[in-house]
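Just so you know, these numbers use all the heavy atoms, side chains as well, and skip hydrogens, waters and symmetry mates.
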Amino acid sequence: MPTNHQDSAHSISGSDFSQRLLLWFDREGRKNLPWQKNPTAYRVWLSEVMLQQTQVATVIPYFKRFTERYPTIFELAAAPDDQIMHLWTGLGYYARARNLLKAARLIVAEHAGQFPNTVEGLTTLPGIGKSTAGAILSLAMKKRAPILDGNVKRVLCRHYAVTGWPDRSETLKQLWALTDAVTPTGRVADYTQGIMDLGATVCTRTSPQCDICPLATTCLAFGSHTQHLFPEKKPKKKLPTRETQIVIPQRVDGSVRMERRPERGIWGGLWSFSELPTEVDATQWWRDQEGSEPGDTIELPVIAHTFSHFHLVITPVLLKVNDPTPRVAEVDSCRWVDPRVPEGLGLPAPIARLLELLSQTEG
Ligand code: SF4
């Protein structure tokens with residue numbers, strides 16, 4: 001059975017924990033990740049934001065593309081929103097990209113391009129929480145600052161048999177106290193990378209390799225064969241389902257009319273199609289809006305997408321429009337796009353797949 005971490009935490013010293021981890025890091029830790037070369041605050045920050053909720057292997061090509069295009073925070077801060085959203089396409093959790101830009105612009109405008117060098121200073125910036133701040137301070141500035149990302153939470157929950165869902169406020173408090181207690185004062189960058197690596201490669205979510213783990217001798221979960229019970233799962237909540245319809249007006253040349261979504265709300269600032277309640281007739285909507293008679297409508301396969309708070313079921317309707325010069329102007333938030341080359345637009349993943357389908361149909 002899980003035990004409360006408190007009794008055990010006192011008996012396992014933080015320096016013993018970090019020493020074993022550092023020895024393991026020297027032998028097995030990852031040392032060639034692209035952001036480990038020249039680990040400036042900018043590069044560490046960019047990688048940490050990308051790594052939130054995303055695997056290392058997925059992040060690497062995105063990180064390379066971003067740093068080639070925007071080698072410093074100054075280029076990033078000056079980039080148009082659309083370019084950033086486009087480069088982010090496929091990484092998901094687009095609020096991260098929006099916050100990235102906001103933070104870059106703030107750092108340039110208010111800090112002369114220099115990252116603040118305290119947890120308090122860093123966490124005033126959009127998208128930088130305490131753990132990301134800890135990573136920037138330790139990995140880039142070599143300052144002692146604990147981190148608590150998903151990997152670290154898992155290692156600590158198992159090692160100290162911490163009960164409760166890790167993101168519950170009380171459990172979170174315990175975990176911050178533990179991560180603070182085990183973070184060393186020396187070699188803090190290697191330690192930080194080491195504990196993240198251990199969680200990512202040894203103490204993995206579904207099959208921890210305890211036989212090669214440097215922490216096995218003191219790990220309470222391993223000792224009681226209860227690794228699978230930690231960390232505790234998030235209490236399940238049934239998500240509601242919402243239905244909507246998107247209308248894809250398509251001209252005879254194959255181009256489709258896309259719209260930029262409002263900044264707030266789902267897929268904020270990304271490009272999609274006109275969204276209508278399911279009961280609205282797409283043909284009538286076009287007549288009302290454009291004053292012209294559309295051609296056939298074709299219902300495309302339904303798209304199901306799950307957000308953190310609800311499931312969304314989208315019915316895409318292709319609407320053939322005959323009018324070669326529709327009245328909707330090429331304004332900033334509305335464009336006719338060739339589905340084969342939607343260059344320069346930030347697209348939610350399901351919409352990118354839909355364009356792919358349309359381009360295949362066209363081809
Ligand atoms: S011994 Fe196993 S469960 Fe414990 S920290 Fe190591 S890998 Fe994780």
Side-chain angles (χ1 to χ4, degrees), residues 45-59 62 81 84-103 123 125-135 147-154 156-157 162-173 175-176 196 199-200 204-206 230-246 259-273 275 277-278 301-316 345-354:
W45 164 66
L46 194 57
S47 69
E48 283 297 316
V49 172
M50 289 181 167
L51 286 165
Q52 290 161 7
Q53 285 119 346
T54 311
Q55 302 281 324
V56 166
T58 310
V59 165
Y62 282 89
D81 293 29
I84 299 297
M85 300 314 269
H86 176 61
L87 269 188
W88 199 271
T89 297
L91 264 185
Y93 300 97
Y94 291 87
R96 293 184 296 174
R98 287 192 290 277
N99 283 334
L100 198 74
L101 254 184
K102 279 189 210 148
T123 51
L125 296 164
I128 301 188
K130 205 169 148 192
S131 185
T132 303
I147 64 158
L148 190 61
D149 68 0
N151 285 321
V152 178
K153 283 177 188 165
R154 187 167 55 253
L156 293 176
C157 280
V162 176
T163 55
W165 175 52
D167 287 337
R168 205 177 57 135
S169 67
E170 219 169 280
T171 317
L172 207 52
K173 230 159 90 197
L175 289 170
W176 272 111
M196 292 195 292
T204 58
R205 199 165 56 83
T206 50
F230 301 98
E232 280 185 23
K233 296 216 167 38
K234 182 179 181 174
K236 275 226 161 62
K237 217 172 50 186
K238 201 171 164 353
L239 297 180
T241 298
R242 288 190 206 159
E243 290 185 26
T244 190
Q245 150 177 238
I246 51 172
E259 289 181 10
R260 194 212 305 262
R261 294 186 60 89
E263 283 300 318
R264 292 192 156 272
I266 61 165
W267 296 337
L270 298 180
W271 287 78
S272 181
F273 298 99
E275 189 179 341
T278 46
V302 161
I303 301 168
H305 192 76
T306 297
F307 294 90
S308 52
H309 295 95
F310 63 97
H311 301 293
L312 186 63
V313 178
I314 307 168
T315 305
L345 301 181
L347 302 168
I351 300 300
R353 282 197 297 274
L354 188 59

Side chain to side chain, [X] and [Y], heavy atoms closer than 4.5 Å:
X	Y	value
Leu354	Ile314	no
Trp45	Leu125	no
Asp149	Leu51	no
Leu175	Val152	no
Ser131	Trp176	yes
Leu172	Lys153	yes
Ile351	Leu270	no
Leu156	Val162	no

Is the [atom1] atom of [X] crowded by more than 12 outside heavy atoms at less than 6.0 Å?
X	atom1	result
Glu263	CD	yes
Tyr93	OH	no
Arg205	CZ	no

Of the non-hydrogen atoms in [X] and [Y], which two are nearest, and what is the gap between them?
X	Y	answer
Thr171	Thr163	CG2-O, 3.4 Å
Met196	Asn151	O-ND2, 3.7 Å
Met85	Ala97	SD-CB, 3.9 Å
Ile303	Pro316	CD1-CG, 4.0 Å
Glu232	Pro166	O-CD, 3.4 Å
Arg154	Thr204	NE-C, 3.6 Å

Go through the structure and list residues passing salt bridge (Lys or Arg N to Asp or Glu O under 4.0 Å) with Lys130, not counting sequence neighbours.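 Not a single residue meets the salt bridge (Lys or Arg N to Asp or Glu O under 4.0 Å) criterion with Lys130.
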Tell me, with the steps shown, if Glu275 and Thr244 meet side chain to side chain donor-acceptor pair (under 3.5 Å). CA-CA 7 Å; Glu275 189 179 341; Thr244 190; 2.9 Å; yes
Whether [X] side chain and [Y] backbone form a donor-acceptor pair below 3.5 Å:
X	Y	value
Arg96	Gly127	no
Tyr62	Thr89	yes
Glu259	Phe273	no

Partners meeting side chain to side chain donor-acceptor pair (under 3.5 Å) with Thr306 (sequence neighbours left out):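 Checked Thr306 against side chain to side chain donor-acceptor pair (under 3.5 Å); matches are His311.
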What distance do Trp88 atom CH2 and Met50 atom CE have between them, rounded to the nearest 0.5 Å?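 It is 4.5 Å, given to the nearest 0.5 Å.
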Only counting residues at least two apart or in another chain, list the ones meeting ring-ring contact (aromatic ring centres under 6.0 Å, His included) with Trp267.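 Partners of Trp267 by the ring-ring contact (aromatic ring centres under 6.0 Å, His included) criterion, ordered by chain and then number, come out as His305, Phe307.
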